[in-house]
Protein chains: 2
Amino acid sequence: MNTPMQQRSVTRSMALVRELVRTYQAFEQLSSSRIRSHGLTPPQFDVIATLGNTAGMSCKELSSRTLITKGTLTGVLDRLLDKGLISRRVDANDRRSLFVALTSEGDSVFRATFPDVTGHCDGAFAALSDEELKQITATLAGLRLAITAKLEP
Amino acid sequence: MNTPMQQRSVTRSMALVRELVRTYQAFEQLSSSRIRSHGLTPPQFDVIATLGNTAGMSCKELSSRTLITKGTLTGVLDRLLDKGLISRRVDANDRRSLFVALTSEGDSVFRATFPDVTGHCDGAFAALSDEELKQITATLAGLRLAITAKLEP
DNA sequence: TATTGTTATACTCTATAACTATA
DNA sequence: TATAGTTATAGAGTATAACAATA
């Protein structure tokens, strides 16, 4: 009633935010150990997973999808290049741009790791029906859109 | 129908996992810029937020709540100590253990940053009713429990 | 002039494991 | 012997900003 506006507002989303963070952290903990067992770091896996099932993309697009800033991305790509998992070549149309794609070995790693990482969640979600999974996914998507809208302006 | 078991299973949770990661990343992006504007890193904020509204706790407990491993935690606490935001003193009962708590300056920082960070989500969630917020929070909690159960054994 | 990506710098976090001191 | 934390080491990610090449 006479709780300050700011205070009430904060209380409203606090529980949700905390729970989102905790849920993600739990997932992170589960997936990170799986990722490392394949000899990758989480950011490296992020790149592999983003490139998987695509023809490839520019560093700019890869950066915006993974949320890894361009300066950092160069280093991450260097290490994946050393491992032979990606190729990086100049775009013929715009020679400022680099086209990054999985090599066939990178694709093998993608096919081995991605199902393994997500697959470890399936046991956890076994109790949920397809309908419930769909529902939760939609809820999260809505949440994400709300946050993204707040980010852009 | 004749899709392999593993394949079907992966497909089931893949969309949900991707959406959870993306939603969290969007939140991370929003909160991280707020956190840094207060002169903290995300792990440092994590510690401040965990200590906030408590009397303090051991490094062990802090480590298990933040998911920061003990070796890393020492460094993070060192930096917060340098900033004068926490105190670290030997526990009288068990002299192997350290009791970590916010200083009054740390508490001020907590009170300034925590509402600011979570508050930036309130605009995003303004369209949701209290009931919906509650519902989504409960859904996430269920998801987390499912993942945590998978982690422990 | 603007954009794409690299390089340079300095710092923080991370995993891992050996170590100290208490219990 | 086991536990709480620190220290040591090496690597990886991060922010930031200056830079080169191309548009």
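Chain A is the first sequence line, chain B the second, and so forth, proteins listed ahead of strands; every chain is numbered from 1.
- In this structure, A/D91 reaches neither bases nor backbone, as no heavy-atom distance under 4.0 Å exists between it and the strands shown.
- Near DNA chain D, defined here as any heavy-atom distance below 4.0 Å, there are no residues from residues 45-52 of chain A.
- Note: CG (B/L62) to P (D/dT6) measures 11 Å, nearest angstrom.
- With hydrogens and angles disregarded, a donor-acceptor distance shorter than 3.5 Å links the side chain of A/T54 to the backbone of A/L51.
- No donor-acceptor distance shorter than 3.5 angstrom exists from the side chain of A/K83 to the backbone of A/D78, with no hydrogens or angles considered.
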Please encode protein proximity along nucleotides 11-17 of chain D as a string of B, S and -, counting only heavy-atom distances under 4.0 Å. -SSBS--
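- The phosphate of C/dT3 has neither OP1 nor OP2 within less than 4.0 Å of any side-chain N or O from A/S97.
- Rounded to an integer number of Å, the gap from B/L98 CG to C/dT20 P is 18 Å.
- Along DNA chain D, the nucleotide closest to B/L73 and the one closest to A/R95 are compared, and the more 5′ of them pairs with B/L73.
- Put simply, CG on B/N93 is 16 Å from C1' on D/dT3, counting in whole angstrom units.
- Contact annotation for A/S58: backbone-only contact, meaning every heavy-atom pair under 4.0 Å involves sugar-phosphate atoms and none involves a base.
- From A/C59, atom SG reaches atom CD1 of A/I68 across 11.0 Å, with rounding to the nearest 0.5 Å.
- Put simply, CG on A/L81 is 14 Å from C1' on C/dG5, counting in whole angstrom units.
- For the pair A/T103 (side chain) and A/L85 (backbone), a donor-acceptor distance under 3.5 Å is present.
- Note on B/R88: a side-chain N or O is less than 4.0 Å away from OP1 or OP2 of D/dT6.
- Between the side chain of A/T69 and the backbone N or O of A/G71, no donor-acceptor pair lies under 3.5 Å.
- Under the 4.5 angstrom side-chain criterion for Ile, Leu, Val, Met, Phe, Trp and Tyr, the cluster partners of B/V90 are B/L98.
- To the nearest angstrom, C1' of C/dA23 lies 14 Å from NZ of B/K60.
- Cluster membership for B/L67 and A/I35, using ILVMFWY side-chain heavy atoms within less than 4.5 angstrom, is not shared.
- Counting only distance, with no hydrogens or angles, the side chain of B/Q44 and the backbone of B/T41 share a donor-acceptor pair below 3.5 Å.
- One interatomic measurement links the two molecules: CZ of B/R96 to C1' of D/dT3, which rounds to 4 Å at whole-angstrom precision.
- In this structure, A/L77 places its CG atom 16 Å from P of C/dT4, rounding to the nearest Å.
- Atom CZ of B/R18 is separated from atom OG1 of B/T23 by 13.0 Å, given to the nearest 0.5 angstrom.
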